[in-house]
Amino acid sequence: MQLSGRHAVVTGGGSGVGAAIARALADAGAEVTIVGRRARPLAEVAAGHPRLHAMAADVTDAGAVADMLAGAAAERGAPVILVANAGAAESKPFHRMTPADLETSLAVNLTGTFNLWHAGLPRLRRAGWGRMIAVASLAGLKGYPYVSAYVAAKHAVVGLTRALALEVAKEGITVNALCPGFVDTPMLERSVDTITEKTGRSRDEALAALVAGNPQGRLIAPGEVAGAALWLCSEAAAPVNGQAIAISGGE
Ligand SMILES: NC(=O)c1ccc[n+]([C@@H]2O[C@H](COP(=O)([O-])OP(=O)(O)OC[C@H]3O[C@@H](n4cnc5c(N)ncnc54)[C@H](OP(=O)(O)O)[C@@H]3O)[C@@H](O)[C@H]2O)c1
């Protein structure tokens with residue numbers, strides 16, 4: 001597939017799933033702006049490919065996201081592929097969760113997606129072509145214990161995806177969510193650390209508990225999520241709109 005001449009923005013592109021998606025799009029010929037709060041991981045990922053470009057911004061700040069998009073557009077043309085991948089999960093039993101925990105989870109996972117798509121949509125409309133992709137989660141389609149704020153936020157991302165998809169359906173733009181099960185990334189490592197700390201289980205036992213939910217008995221690789229994102233950017237996927245696509249080995 002050829003994405004040359006297209007400019008993509010991938011939030012959370014400095015690590016894990018976002019870095020894999022950014023590399024896949026750049027390998028397919030797109031210019032890719034990767035976004036996160038920390039400059040260093042972004043610079044390290046960008047150094048690995050001539051078509052990857054780092055820009056620091058916090059996705060929870062609507063003004064910062066709009067400024068980032070304007071700056072990226074000035075340098076590389078209008079971004080027409082918007083991948084809202086930045087996210088975070090904190091685990092805690094519901095009774096210990098505070099309103100601030102809920103706010104924090106909604107801010108990065110839901111508002112971060114809203115901010116990117118809201119500021120970015122006018123350029124897609126002017127181009128008459130666009131791809132909006134959320135990296136939601138299987139937690140956007142089913143519940144998991146001890147991550148209720150994250151599950152609520154990811155369900156909301158799936159709802160936002162389904163609604164916006166209908167609003168832009170006749171404009172050459174598609175809006176879809178990818179819903180991976182447990183993916184082998186730094187976020188997963190942090191989940192394993194939390195389980196070992198809180199339950200006294202070994203690292204292998206904690207990992208086995210997470211993997212057990214996947215009928216294939218394994219973690220998803222970041223590159224497997226990237227493959228789905230790349231396909232959504234293809235012309236073959238033009239009729240795929242408003243979908244929440246599980247990437248979960250059948251979980
Ligand atoms: N790993 C899994 O098992 C799994 C499963 C399903 C879905 N997901 C989803 O996949 C996405 C990527 O996660 P990952 O596993 O690749 O985790 P990760 O390695 O921790 O990556 C998360 C990225 O988001 C960025 N980020 C976090 N808060 C941000 C903010 N306020 N503004 C801008 N960037 C921000 C981080 O960069 P900075 O810290 O530098 O800002 C980081 O690059 C997330 O949406 C996650 O919910 C992950």
Side-chain angles (χ1 to χ4, degrees), residues 9-24 33-46 52 54-69 82-91 103-116 119 133-142 144 147 149-158 160-161 177-195 206-207 209-211 213-214 218-226 228-229 244-249 251:
V9 169
V10 181
T11 64
S15 64
V17 172
I21 292 174
R23 288 189 192 104
T33 301
I34 53 173
V35 180
R37 292 164 301 178
R38 293 165 300 149
R40 191 166 172 175
L42 292 172
E44 284 169 6
V45 172
L52 291 180
M55 287 187 86
D58 185 332
V59 298
T60 67
D61 178 341
V65 172
D67 289 349
M68 174 279 293
L69 284 173
L82 303 176
V83 183
N85 163 81
E90 205 202 343
S91 48
E103 284 295 318
T104 301
S105 187
L106 290 172
V108 62
N109 294 299
L110 175 61
T111 308
T113 301
F114 176 91
N115 287 341
L116 179 72
I133 300 170
V135 180
S137 171
L138 207 58
L141 299 174
K142 61 171 268 191
Y144 290 90
V147 281
Y150 180 72
V151 168
K154 292 297 193 182
H155 273 67
V157 170
V158 169
L160 180 68
T161 299
L178 297 175
C179 298
F182 290 109
V183 190
D184 191 4
T185 70
M187 179 186 280
L188 182 101
E189 281 303 318
R190 290 192 294 276
S191 300
V192 168
D193 289 346
T194 304
I195 295 171
L207 195 55
L210 297 179
V211 165
N214 179 332
R218 67 180 183 92
L219 295 175
I220 308 298
E224 293 173 320
V225 185
I245 301 167
I247 303 172
S248 62
E251 181 178 357

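Read the numbers this way: they start at 1 and go in the same order the structure lists the ligands and their atoms.
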[X] near ligand 1, heavy-atom distance under 4.0 Å?
{"X": "Cys179", "result": "no"}
{"X": "Ala57", "result": "yes"}
{"X": "Thr11", "result": "no"}
{"X": "Ala136", "result": "yes"}

Which is closest to [atom] by heavy-atom distance: [options]?
{"atom": "atom 25 (C) of ligand 1", "options": "Ala107, Gly12, Ala89, Gly140", "answer": "Gly12"}
{"atom": "atom 13 (O) of ligand 1", "options": "Met187, Glu189, Arg37, Lys154", "answer": "Met187"}
{"atom": "atom 4 (C) of ligand 1", "options": "Asn85, Val183, Thr113", "answer": "Val183"}

Practice task
Determine whether the side chain, the backbone, both or neither of Thr185 has a heavy atom under 4.0 Å from any heavy atom of ligand 1.
Solution key: side chain
For [X], counting its heavy atoms only, list the atoms of ligand 1 lying under 4.0 Å from any of them.
{"X": "Asp58", "value": "30 (C), 31 (N), 32 (N)"}
{"X": "Gly87", "value": "22 (C), 24 (O), 27 (C), 44 (C), 45 (O)"}
{"X": "Arg190", "value": "20 (O)"}
{"X": "Gly181", "value": "3 (O), 5 (C), 6 (C)"}
{"X": "Val135", "value": "9 (C), 10 (O), 11 (C), 45 (O)"}
{"X": "Tyr150", "value": "7 (C), 8 (N), 9 (C), 46 (C), 47 (O)"}

Exercise for the section: Could you find the nearest protein heavy atom to atom 38 (P) of ligand 1 and give me its residue, atom name and distance? Expected result: Arg38 NE, 3.4 Å
Handout entry: atom 42 (C) of ligand 1 [closest protein heavy-atom partner, distance rounded to 0.1 Å]
Key = Ser15 OG, 3.4 Å
Handout entry: Short N or O distance, Pro41 and ligand 1, threshold 3.5 Å exclusive
Key = no
Practice task
Find the distance between CG (Leu69) and CG (Leu116) and round it off to the nearest 0.5 Å.
Solution key: 5.5 Å
Completion exercise
Paired with Leu188, the side chain to side chain contact (heavy atoms under 4.5 Å, CB included) test is passed by just one of Leu207, Val183, Asp193, namely Leu207
Completion exercise
Closest non-hydrogen contact found for Val151 with Tyr144 is CG2-N, 3.8 Å
